[in-house]
Structures are given as C-alpha cells and as structure tokens.
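Predicted, not measured: the structure shown is a model, and the values here were computed from it.
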Amino acid sequence: QVQLVESGGGLVQAGGSLRLSCAASGRTFSMYAMGWFRQAPGKEREFVAGINWSGSNLYYTDSVKGRFTVSRDNVKKTVYLQMNSLKPEDTAVYYCARRNGPDTSWSMGSFDYWGQGTQVTVSS
C-alpha cells in the first residue's frame, strides 16, 4: 500500500513563495514518475508539474513555467514543488500523485495513488 502525504501549504501574499512536500511510503518510490496537480474551487483538477523517476526530466503546465520547480529526493522518498512569484490564480488544493508505471501520459487517469491535498491560498 502506497501512501502520499502533502505538506507545506498555507496563506501567502502575491509574489511570495511556498515549498510543498510530498512524502511517500513504500519501497518502490524511486521507480515511479510523480506529479503535482491542483484543483481550484469550481474547477476541474489540472496537471501542474511532473518529474520522472530519476529527476532528469521535468514537465510543467504553461501557466507555471519559470515560477514553479519540481524536484525529488529518492533517498527521502519525497517530491517537492517550489512555488515562486505566486499569483492569486494559483490558489487551489494541491495534490501529489504517483504515475502508474507503464503510463507515459500526465493526465489524471495515468496516476494510481493520490495524496489528500494541501491548501494554497494566495492573497492579492
């Protein structure tokens, strides 16, 4: 059984920064790509950032490129999302998720384990 636990969310002013963490249980963390998603009130959950198993390939949705950085520490079994220059439109619940091994897509259906989410609120 895999468990993912996010932390690091909170309230921040526009232009500020937050660092989200996602700690994973299980022995095979380093074998899987990981993703960050977010869901704002009244909107569908969307892909934010992804990282392959080794950390050598990074992927971002256009709206966060240049502001967010995804990384991972396979020894600590943790994936991170550094968020800089935050905007009010970044306000959402942020989720980390583990991608199913054979899949190569960053769509939600390719992810088999999800965390409970952490709230990020950016005030203007």
- Note on the structure: Heavy-atom closest pair (Ala92 atom, Ala40 atom, distance to 0.1 Å) is CB-N, 3.8 Å

- Message: Could you work out, with side-chain hydrogen bond (donor to acceptor under 3.5 Å, both in side chains) as the rule, every residue matching Gln3, not counting sequence neighbours?
- Response: none

- Task: Mark yes or no for whether Arg45, through its side chain, and Met108, through its backbone, hold a donor-acceptor pair below 3.5 Å.
- Result: no

- Query: Measuring from Leu18:CG to Tyr94:OH, what's the distance to the nearest 0.5 Å?
  - Reply: 9.0 Å

- Query: Counting distance only, does the side-chain N/O of Gln39 pair as donor-acceptor with the main-chain N or O of Val93 below 3.5 Å?
  - Reply: no

- Not counting sequence neighbours, list each pair that qualifies as a salt bridge (charged side-chain N to carboxylate O under 4.0 Å, His left out) and has a residue in residues 55-71. Asp62-Lys65, Arg67-Asp90

- Message: For the backbone of Gln116 and the side chain of Glu6, can you confirm whether one donor and one acceptor N or O come within less than 3.5 Å of each other?
- Response: yes

Only distances under 3.5 Å count here; give the side-chain donor-acceptor pairs of residues 75-89 to other protein atoms, sequence neighbours excluded, each with its distance to 0.1 Å.
from, atom 1, to, atom 2, distance (Å)
Lys77, NZ, Gly26, O, 2.9
Thr78, OG1, Lys76, O, 3.0
Gln82, NE2, Asn84, OD1, 2.9
Asn84, OD1, Ser17, OG, 2.9

- Item | Single-linkage hydrophobic cluster, 4.5 Å side-chain cutoff, Val64 and Tyr59 together | no

- Partner of Val120 under side-chain contact (heavy atoms from CB on, under 4.5 Å), picked from Thr91, Leu20, Leu11, is Leu20

- Task: Report yes or no: is the cationic atom of Arg99 (NZ for Lys, CZ for Arg) closer than 6.0 Å to the six-membered ring centre of Tyr113, at no more than 45° off its axis?
- Result: no

- Ser56: partners by side-chain contact (heavy atoms from CB on, under 4.5 Å), with sequence neighbours left out: Asn52, Ser54

- Which residue pairs pass the side-chain hydrogen bond (donor to acceptor under 3.5 Å, both in side chains) test with at least one member in residues 25-35, sequence neighbours excluded? none

- Item | Atom of Val70, atom of Ala49 and distance for their closest heavy-atom approach | CB-CB, 4.0 Å

- Item | Evaluation steps, side-chain contact (heavy atoms from CB on, under 4.5 Å), between Tyr95 and Leu4 | CA-CA 9 Å; Tyr95 301 88; Leu4 303 174; over 6 Å; no

- Could you tell me which residues satisfy ring-ring contact (aromatic ring centres under 6.0 Å, His included) with Phe37, sequence neighbours excluded, listed by chain and number? Phe47, Phe111, Trp114

- Check against side-chain contact (heavy atoms from CB on, under 4.5 Å), Val122 and Gln13: CA-CA 5 Å; Val122 184; Gln13 289 188 332; over 6 Å; no

- Task: Return the minimal non-hydrogen interatomic distance between Met34 and Trp106, and the atom names on each side.
- Result: O-CZ3, 3.5 Å

